[in-house]
Enquirer: 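Quick one: structure below, then a few questions.
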Amino acid sequence: MIYLKTEDEIELLRESGHIVAKALAEVAKHIKPGVSTKDLDEVAEAYIRSCNAIPSFLNYNGFPGTLCTSINDVVVHGIPGREQVLKEGDVVSVDCGAYINGYHGDSAYTFRVGEVSDEVTQLLITTKASLYKGIEQAVEGKRVGDIGHAVQDYCQRRGYTVVRELVGHGVGRNLHESPDVPNAGKRGSGVQLKSGMVIAIEPMINMGRRNVVIENDGWTVRTLDRKPSAHFEHTVAIRSNGEADILTSFDYIKEVLRDRFI
Ligand code: MG
Ligand code: MG
């Protein structure tokens with residue numbers, strides 16, 4: 001069952017997306033060597049609650065954090081922890097959700113901690129660019145396979161691999177709704193996009209092989225070959241005017257990172 005949102009509902013989703021965007025920017029201010037992922041989690045939770053919103057991920061199927069914080073070879077769903085301290089050269093994917101007025105927002109950004117190798121920086125640049133390649137396809141009449149194909153083609157041409165076990169999703173009154181939005185696929189295949197659909201597009205791209213494993217904590221998804229992975233995500237509304245409507249934003253992160261923004 002795919003819920004098509006009204007204009008009013010899309011504006012409420014935009015509010016949720018705005019809070020997530022600002023929460024990620026608050027986190028961006030604190031990313032540096034020596035900071036724990038638990039510290040980042042507390043920053044995000046305090047910001048979200050100051051907006052009278054609720055962290056979407058906290059207690060979702062028992063998840064213990066406001067953020068998913070996924071360092072280096074962790075792809076997604078890393079659990080924030082006091083003992084997990086960022087160090088120079090790390091990259092950390094920060095995934096955040098906020099719930100207000102009955103609707104969720106969902107967005108993720110992979111940050112660099114201090115100076116990061118050119119090789120890993122290039123992985124981040126490519127993954128982020130692939131998100132926008134996917135978003136270009138997120139318009140009425142296209143299909144989810146067009147999004148997946150655009151992401152996959154862009155990344156594989158540059159020598160990276162696409163994680164298949166985890167996918168984007170519909171967003172609305174529930175954090176995860178239909179349809180699934182895979183990051184790989186065939187052009188013209190899958191569910192057709194209709195005006196009023198709201199989806200999260202979230203490429204998870206690996207430097208090495210595409211295979212992943214889940215740690216014993218039941219959450220942490222890690223690359224099998226332990227090579228780095230990157231993850232960027234926007235929540236997007238499907239429109240009939242041929243242009244995707246992005247409900248989350250990296251603009252506030254850009255204001256914080258300035259010339260370090262990639
Ligand atoms: Mg997310
Ligand atoms: Mg998501």
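Computed from heavy atoms alone, side chains included, the values below leave out hydrogens, waters and symmetry copies. Just follow the structure's listing: the first ligand is 1, and inside any ligand the first atom is 1.
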Enquirer: Show all protein N/O/S atoms under 2.8 Å from the Mg ion (ligand 1), or state that there are none.
Expert: Asp95 OD1, Asp95 OD2, Asp106 OD1, Glu233 OE1
Enquirer: Taking everything shown except Phe63 itself, do over 12 heavy atoms lie less than 6.0 Å from its CZ?
Expert: yes
Enquirer: With ring-ring contact (aromatic ring centres under 6.0 Å, His included) as the rule and sequence neighbours excluded, what pairs involving residues 188-207 come up?
Expert: none
Enquirer: Quick one: side chain to side chain contact (heavy atoms under 4.5 Å, CB included) partners of His234, sequence neighbours excluded?
Expert: Ser107, Leu131, Tyr132, Ile135, Val236, Ile246, Thr248, Phe250
Enquirer: If the threshold is 4.0 Å, N to carboxylate O, is there a salt bridge linking Arg239 and Glu7?
Expert: yes
Enquirer: N/O/S of His169 less than 2.8 Å from the Mg ion (ligand 2)?
Expert: yes
Enquirer: List the steps, then state whether salt bridge (charged side-chain N to carboxylate O under 4.0 Å, His left out) holds for Asp153 with Lys133.
Expert: CA-CA 10 Å; Asp153 185 62; Lys133 290 289 172 190; over 6 Å; no
Enquirer: Output the rest of the hydrophobic cluster of Val213: all Ile, Leu, Val, Met, Phe, Trp and Tyr residues reachable through side-chain heavy-atom contacts under 4.5 Å, sorted by chain and number.
Expert: Leu224
